[in-house]
Trainee: 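After the structure tokens below, expect a handful of questions from me.
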Amino acid sequence: MSEQTGPLRRRVTIRNRAGLHARAASLVRDTVLKHRSRVTLIKAEDPSASLNGAPRADATSVIEMLSLGAMQGESLIIEAEGEEAQQVLDALERLVECKFWEDDFAPDSQQTFPG
């Protein structure tokens, strides 16, 4: 069994219309809490820039994640350390890719109402 020498990182792009809002951040937190890993979200404005000084949020804190202000089309770096770092990265990437199931809750935001 090989030892992990540092955090694992994965870049994801927020795809859902509402961005990383309260319900989405709660789903991230719930996913992280199911794994034995420490997870940080990093909002790197420029993909080629250093991550030093980039805004960060503990992925178990909804308030910290909301403070990133991650909107549709923006990238986040998910950084994970611990026994299940790879598994939690995979789970979070799936969550982002399925748009936090936003379409299941608001399938047609352009819907008009009579009145």
Trainee: Provide the closest heavy-atom pair for Val32 versus Ala59 in the form atom of the first, atom of the second, distance.
Mentor: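 Smallest interatomic distance, heavy atoms only, reads CG2-CB, 3.8 Å.
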Trainee: What's the shortest heavy-atom distance between Leu27 and Thr31, and which atoms?
Mentor: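 Reported closest heavy-atom pair: O-OG1, 2.8 Å.
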Trainee: Using side-chain hydrogen bond (donor to acceptor under 3.5 Å, both in side chains) as the criterion, list what pairs up with Arg36, not counting sequence neighbours.
Mentor: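 If we apply the side-chain hydrogen bond (donor to acceptor under 3.5 Å, both in side chains) test to Arg36, skipping adjacent residues, the hits are Glu83, Glu84.
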Trainee: Enter the distance from Ile78:CD1 to Leu92:CG here, rounded to the nearest 0.5 Å.
Mentor: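 CG of Leu92 is found 5.0 Å from CD1 of Ile78.
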Trainee: With rounding to the nearest 0.5 angstrom, report the CE to OG1 distance, Met65 to Thr60.
Mentor: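 Nearest 0.5 Å value for the CE-OG1 distance: 7.5 Å.
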Trainee: Can you measure from CG (Leu20) to CD (Gln72) and round to the nearest 0.5 angstrom?
Mentor: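 The CG atom of Leu20 sits 13.0 Å away from the CD atom of Gln72.
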Trainee: To the closest 0.5 Å, what do you measure between CZ (Phe100) and CD1 (Ile14)?
Mentor: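 Separation between the atoms: 4.5 Å.
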Trainee: Quick one: pull up CD in Glu97 and OG1 in Thr13 and give me the separation to the nearest 0.5 Å.
Mentor: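 If we round to the nearest 0.5 Å, Glu97:CD and Thr13:OG1 are 8.0 Å apart.
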Trainee: Over all heavy atoms of both residues, which pair between Ala22 and Leu66 is shortest? Give the atoms and the distance, please.
Mentor: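 So the two residues come closest at N-CD2, 3.5 Å.
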Trainee: Within a 6.0 Å radius of atom CZ on Arg29, are there more than 12 heavy atoms belonging to other residues, nucleotides or ligands?
Mentor: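 Enclosed.
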Trainee: Hydrophobic side-chain clustering at under 4.5 Å (ILVMFWY, transitive links): who's grouped with Leu51? Put none if nobody.
Mentor: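 Other cluster members: Ile42, Ile77.
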Trainee: Grab the two heavy atoms, one from Gly19 and one from Ala24, that are nearest each other, plus how far apart they are.
Mentor: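 Closest approach of Gly19 to Ala24, heavy atoms only: O-CB, 4.1 Å.
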Trainee: Any salt bridge (charged side-chain N to carboxylate O under 4.0 Å, His left out) involving residues 50-78? Give me the pairs, sequence neighbours left out, ordered by first then second residue.
Mentor: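 Counting only pairs at least two positions apart or across chains, the salt bridge (charged side-chain N to carboxylate O under 4.0 Å, His left out) contacts touching residues 50-78 are Lys43-Glu74, Arg56-Glu79.
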Trainee: Quick one: do Leu95 and Trp101 satisfy side-chain contact (heavy atoms from CB on, under 4.5 Å)? Show the steps, please.
Mentor: CA-CA 8 Å; Leu95 190 59; Trp101 298 297; 3.4 Å; yes
Trainee: Could you check whether any side-chain N or O of Gln87 sits under 3.5 Å from a backbone N or O of His35, counting only pairs where one atom can act as donor and the other as acceptor?
Mentor: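 Side chain of Gln87 to backbone of His35: no pair is present.
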Trainee: Kindly give the heavy-atom pair with the smallest separation between Ser37 and Ala85, and that separation in Å.
Mentor: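 Where Ser37 meets Ala85 most closely, the heavy atoms are OG-N, 2.9 Å.
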Trainee: What distance separates Gln86 CD from Arg10 CZ, expressed to the nearest 0.5 Å?
Mentor: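 Atom-to-atom, Gln86:CD and Arg10:CZ are 5.0 Å apart.
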